[in-house]
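This report refers to the structure that appears directly beneath it.
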Amino acid sequence: MRTDYTAAEMMTVTAARALENGMTCFVGIGLPSEAANLARLTHAPDVVLIYESGTLQTKPEVLPLSIGDGELCESALTTVSVPEMFRYWLQGGHIDVGFLGTAQIDRYCNLNTTLIGDYHDPKVRLPGGGGAPEIATNAGEVFITLKHSRRTFVRDVDFVTTLGFGRDGKGREGVPNIGKGPTRVITDLCVMQPDPETRELVVVSLHPGVTREDVCDATGWEIRFAEALESTPEPSARELEVLRELKERTNRKHAGE
Amino acid sequence: MRTDYTAAEMMTVTAARALENGMTCFVGIGLPSEAANLARLTHAPDVVLIYESGTLQTKPEVLPLSIGDGELCESALTTVSVPEMFRYWLQGGHIDVGFLGTAQIDRYCNLNTTLIGDYHDPKVRLPGGGGAPEIATNAGEVFITLKHSRRTFVRDVDFVTTLGFGRDGKGREGVPNIGKGPTRVITDLCVMQPDPETRELVVVSLHPGVTREDVCDATGWEIRFAEALESTPEPSARELEVLRELKERTNRKHAGE
Amino acid sequence: MAELLSLHDAVARYVEDGATVCMEGFTHLIPFAAGHEVIRQGKRELTLIRMTPDLVYDQLIGAGCVSKLIFSWGGNPGVGSLHRLRDAVEKGWPQRIELLEHSHAAMACAFEAGAAGLPLAVLRGYVGSDLPKVNDQIKFIDCPFTGERLAAVPSIRPDVSLVHAQKADRKGNVLVEGIVGVQKEAVLAARHSIVTVEEIVDDLDVEPNACVIPGWAISAIAVAEKGAYPSYAHGYYDRDNRFYKAWDAIARDRDAFTAWLDDNVHNAGGQS
Amino acid sequence: MAELLSLHDAVARYVEDGATVCMEGFTHLIPFAAGHEVIRQGKRELTLIRMTPDLVYDQLIGAGCVSKLIFSWGGNPGVGSLHRLRDAVEKGWPQRIELLEHSHAAMACAFEAGAAGLPLAVLRGYVGSDLPKVNDQIKFIDCPFTGERLAAVPSIRPDVSLVHAQKADRKGNVLVEGIVGVQKEAVLAARHSIVTVEEIVDDLDVEPNACVIPGWAISAIAVAEKGAYPSYAHGYYDRDNRFYKAWDAIARDRDAFTAWLDDNVHNAGGQS
């Protein structure tokens with residue numbers, strides 16, 4: 001891997017590039033929020049960012065720590081109630097893409113943010129579903145971004161908090177009024193997409209300097225690679241500059257300076 | 001009848017007196033609106049008036065011609081959407097009394113504002129239900145005010161737009177989460193209340209100068225009179241003065257002066 | 001993303017013969033200019049949806065644009081009947097129209113459900129009313145938690161909604177202020193939407209929770225100054241209550257109505 | 001009609017042991033002062049409802065006030081876990097708590113339905129999720145018009161809701177501004193409600209469609225300056241993100257937590 005950017009930066013820039021200008025994007029907190037705002041500050045100035053706190057078309061100067069930082073409201077076109085957000089804007093069909101993170105993901109893109117272990121006697125209790133279960137089904141499509149590891153990429157999630165394509169890849173078949181589901185997963189190692197037939201995740205692009213072996217080592221099942229495996233384009237100098245400035249502004253703000 | 005006030009004024013003043021200070025009242029347009037605002041301007045300054053246009057706690061200077069005159073919004077505590085009005089404020093149980101007019105009323109207080117004749121080939125097509133069907137069932141109780149005549153007081157309404165006590169007086173029995181229904185009907189001749197047992201309307205008070213015969217002549221069924229039939233108190237000088245000023249202001253405003 | 005069009009072009013593009021059309025505005029901000037453009041363009045066989053048909057639908061019905069009306073209160077507020085509506089229902093002039101009749105509560109909930117992308121609205125409604133006997137779209141369901149019987153009506157999903165609002169910015173974001181009625185719901189529930197506005201401004205300049213409809217949720221914006229007259233636009237002009245009263249005499253008579261329509265709509269050029 | 005009480009008296013009067021209590025505020029306007037008063041008064045066996053439990057519920061759970069939690073996302077936003085919540089769930093300290101877990105969409109709809117006086121909320125939700133397997137309150141109904149299978153959840157009807165807002169006027173009418181969350185719904189859905197405010201003013205001085213909760217829909221108003229801290233009040237003070245980060249270390253350790261609670265809640269006199 002080259003030394004003038006980190007794997008985390010590579011992930012964020014690649015995730016940002018997935019968003020097209022003009023898309024309406026329902027943004028999860030953390031990595032998705034970082035990527036979505038980078039997109040807005042670079043190639044997609046008219047991307048519409050929507051946070052579940054009710055802030056419509058928001059343009060924060062710094063990344064929010066929480067999903068409801070004041071910055072999100074102050075820079076929004078308008079702020080609606082949370083019931084309105086979920087009913088009119090998400091379920092109402094106005095979201096092109098839901099951008100999610102997760103604690104665990106499996107080969108059929110199912111997401112687990114509920115717990116590790118057994119529900120009634122959990123080893124680790126995670127925060128829970130939040131907005132994700134309905135973002136993943138009511139948005140037109142879903143992008144997912146998270147760090148690649150055997151802890152996060154498991155063959156079968158312990159709990160399907162949020163539907164990818166179900167335990168057998170057929171979870172969306174025959175369901176009316178449902179979005180396309182996950183169309184890409186972006187990690188610090190690669191980009192994956194569901195196989196058009198089986199819906200199992202397939203690596204379609206490796207980040208510069210990353211090997212197939214790196215991905216296999218970090219994935220909890222025998223991950224497949226596309227025949228026409230691509231190499232993810234590197235971040236541009238401008239993308240890196242904008243991202244670093246954004247993160248620096250953010251750190252200064254949240255440190256209370 | 002005395003000459004220093006009209007029967008219409010007697011009706012409005014009596015209807016106004018039915019409202020107690022501090023009640024929240026969902027107000028129908030026309031006679032109910034006139035009575036409710038008179039109450040607010042006399043003995044019930046803190047009566048809360050709510051119109052279905054979404055105007056909460058409004059204090060119009062003049063009577064609105066329509067249910068959504070600008071005056072209602074400008075003088076309201078706040079104005080909400082119409083879905084919110086019907087869902088949160090009416091159905092949500094915040095209305096003490098619904099104050100309604102009607103085109104036809106029958107002995108069980110059922111209201112018809114839909115049509116005269118047969119539904120599919122009407123003799124006269126009336127405006128329809130509007131807010132009344134759910135005001136009458138979701139408000140704590142219902143007051144009704146209208147002019148007394150054989151055209152309006154019929155044995156059985158042609159169409160039950162809005163439930164009083166049903167065709168047999170038992171329409172509210174066993175229905176969960178329903179208000180008490182009509183508790184008084186105020187006309188230009190008298191005040192009526194439903195019999196506690198049968199729910200049939202009974203005259204409880206005659207306006208000054210009105211005879212039992214006057215009421216019988218103006219009612220389309222054999223109306224009963226309470227044993228302890230009262231005489232409705234006359235309007236006070238102040239009530240008449242406030243009412244006349246209100247109507248004069250209103251006429252000036254709506255004539256565009 | 002909202003496109004800025006002339007009212008003529010917006011109506012020509014989005015309002016088709018036979019379409020289900022909603023023009024909302026609860027007494028306030030009634031889209032008269034848009035309704036008149038629909039009449040001028042001679043649209044036919046429309047199914048019109050509106051809680052309170054008001055004068056604008058009386059005019060559309062009298063002009064022969066309408067074959068079906070879905071509504072909950074059809075009168076001239078504070079004045080009396082809508083005579084063109086009655087003439088169509090009672091005498092079939094200029095054509096018979098079908099009525100599908102609800103209560104306000106049911107329609108308000110059906111708009112909410114339409115905006116929320118649901119196929120149905122659930123409400124505690126129609127208890128003891130005869131309306132379910134004459135409207136087969138009103139059904140009842142049992143609550144799976146309490147067993148309570150509740151009314152269900154289909155959500156409202158118009159082909160196109162036309163509403164009027166105070167102003168839009170250059171990106172097509174719209175401010176609706178005052179009595180907001182079901183306008184936002186009408187826009188969000190529809191496949192296409194046209195919003196007429198009093199003016200286009202650089203900046204909407206609003207409070208954080210103002211009723212703003214984003215441009216990307218609207219098909220077209222058209223400027224129509226006084227576009228709600230004789231209804232009103234909070235902050236711009238008052239309701240012309242005198243016209244509402246005068247309409248009673250105009251609409252009572254077919255010839256008087258036809259002459260009024262010729263003078264004030266058909267021969268009134270562009271935006272009336 | 002809202003009564004102006006001290007926070008102590010309001011909590012003493014309306015929050016009973018064993019009650020179902022909702023403290024809302026979506027990141028913004030979280031009623032910390034009210035939560036601390038509940039801790040100080042030693043309320044027990046509460047069922048707490050809240051979409052995002054946040055630090056205030058971590059504190060209530062750690063203080064032993066809670067036997068059941070109904071929620072949809074339980075973390076320290078942007079920081080990590082709620083360690084007191086986890087300790088109670090995973091290790092039963094200071095007591096085991098029962099979880100009833102939803103998605104945000106379902107809870108938001110359940111608050112809406114509660115405010116709307118309905119027994120259930122209907123949504124297009126939980127498709128393919130395992131949550132219905134572990135929450136028997138999630139059911140499915142078939143739309144009587146389209147046959148579509150939709151989720152149904154019971155509406156939220158707390159015994160008492162506690163929320164914080166910017167200001168109230170002397171009649172107890174309250175302005176909530178900014179990220180309004182489900183606060184209005186929480187108040188309207190509850191049997192009783194306590195609203196803490198930054199200040200009482202003569203006139204709310206608001207736009208026509210501002211989010212105002214009328215005093216007659218509220219049980220009690222209590223002044224609590226900085227009552228949302230370390231959350232924030234739009235127009236008054238910012239979120240203390242540093243405290244949210246610092247909480248992670250405090251809450252991770254039972255002793256550190258207990259010491260913090262003594263210093264900052266139990267021995268902090270009245271309103272902290």
Can you list, pair by pair, the side-chain donor-acceptor contacts under 3.5 Å of residues 25-34 of chain A, counting residues two or more places apart and other chains?
from	atom 1	to	atom 2	distance (Å)
A:S33	OG	A:Y51	OH	2.9
A:E34	OE1	A:K247	NZ	3.3
A:E34	OE2	A:T12	OG1	3.1
A:E34	OE2	A:K247	NZ	3.4

- Query: Mind checking which of residues 118-132 of chain D sit less than 4.5 Å from chain A, heavy atom to heavy atom?
  - Reply: D:V122, D:L123, D:R124, D:G125, D:Y126, D:V127, D:G128, D:S129, D:D130, D:L131
- Message: Show the nearest heavy-atom pair for residues A:C73 and D:G178, with the distance to one decimal.
- Response: SG-CA, 3.6 Å
- Message: Donor-acceptor check, side chain of A:Y119 to backbone of D:V134, threshold 3.5 angstrom: yes or no?
- Response: no
- Query: Which one, A:N177, A:N110, A:I67, leads in non-hydrogen pairs under 4.5 Å with chain D?
  - Reply: A:N177
- Residues of residues 80-105 of chain A near chain D, each having a heavy atom less than 4.5 Å away: A:V80, A:S81, A:V82, A:P83, A:F86, A:R87, A:Q91
- Task: Anything in residues 139-158 of chain D with a heavy-atom distance to chain A below 4.5 Å? Please list those residues in order.
- Result: D:E148
- chain A: which of D:G75, D:A110, D:S103, D:S81 shares the most heavy-atom pairs with it under 4.5 Å? D:S103
- Relative to chain D, which of A:G164, A:G131, A:G130, A:A136 shows the most heavy atom pairs under 4.5 Å? A:G130
- Task: Return yes when atom CD of A:E248 has more than 12 non-hydrogen atoms of other residues, nucleotides or ligands closer than 6.0 Å, and no otherwise.
- Result: no
- Note on the structure: Okay, A:E52 and chain D: the region with an atom under 4.5 Å from a heavy atom over there is both
- Which bit of A:R172 comes within less than 4.5 Å of chain D, counting heavy atoms only: side chain, backbone, both or neither? neither
- Between atom NE2 of A:H120 and atom CD of D:E98, what is the distance when rounded to the nearest 0.5 Å? 10.0 Å
- Query: If you look at every heavy atom in A:R125 and D:E90, which pair is closest and at what distance?
  - Reply: N-OE2, 2.8 Å
- Message: Given heavy-atom pairs under 4.5 angstrom as the criterion, report whether the side chain, backbone, both or neither of D:M51 touches chain A.
- Response: side chain
- A:P133 versus chain D, the contacting section by heavy-atom distance below 4.5 Å: side chain
- Would you check, one step at a time, whether the test side chain to side chain contact (heavy atoms under 4.5 Å, CB included) holds for D:Y244 with A:H254? CA-CA 10 Å; D:Y244 271 84; A:H254 294 170; over 6 Å; no
- Query: Taking every heavy-atom pair that is under 4.5 Å apart, which of D:A106, D:S231, D:A105 has the most such pairs with chain A?
  - Reply: D:A105
- Item | Residue A:R155 excluded, over 12 heavy atoms near CZ under 6.0 Å | no
- On a heavy-atom basis, the closest approach of D:R86 and A:V124 is NH2-CG1, 3.4 Å
- Message: Would you say CZ of A:R249 has more than 12 non-hydrogen atoms from neighbouring residues, nucleotides or ligands within 6.0 angstrom?
- Response: yes
- Note on the structure: Distance col, row A:T161:OG1 vs D:W73:CH2, nearest 0.5 angstrom, shows 13.0 Å
- Item | Greatest number of heavy atom pairs closer than 4.5 Å to chain A - which of D:Q183, D:K245, D:K133, D:E185 | D:E185
- Query: Which one, A:P122, A:P127, A:G68, A:G117, leads in non-hydrogen pairs under 4.5 Å with chain D?
  - Reply: A:P127
- Item | Rounded distance [0.5 Å steps], OG1 in A:T79 versus NE2 in D:H234 | 8.0 Å
- Note on the structure: Turns out that what part of A:T137 lies under 4.5 Å from chain D's heavy atoms comes down to side chain
- Do you know which of A:I135, A:L65, A:L72 has the most heavy-atom pairs under 4.5 Å to chain D? A:L65
- Item | Part of D:K184 within contact of chain A (heavy atom distance under 4.5 Å) | neither
- Under 4.5 Å from a heavy atom of chain D, the part of A:D69 involved: both
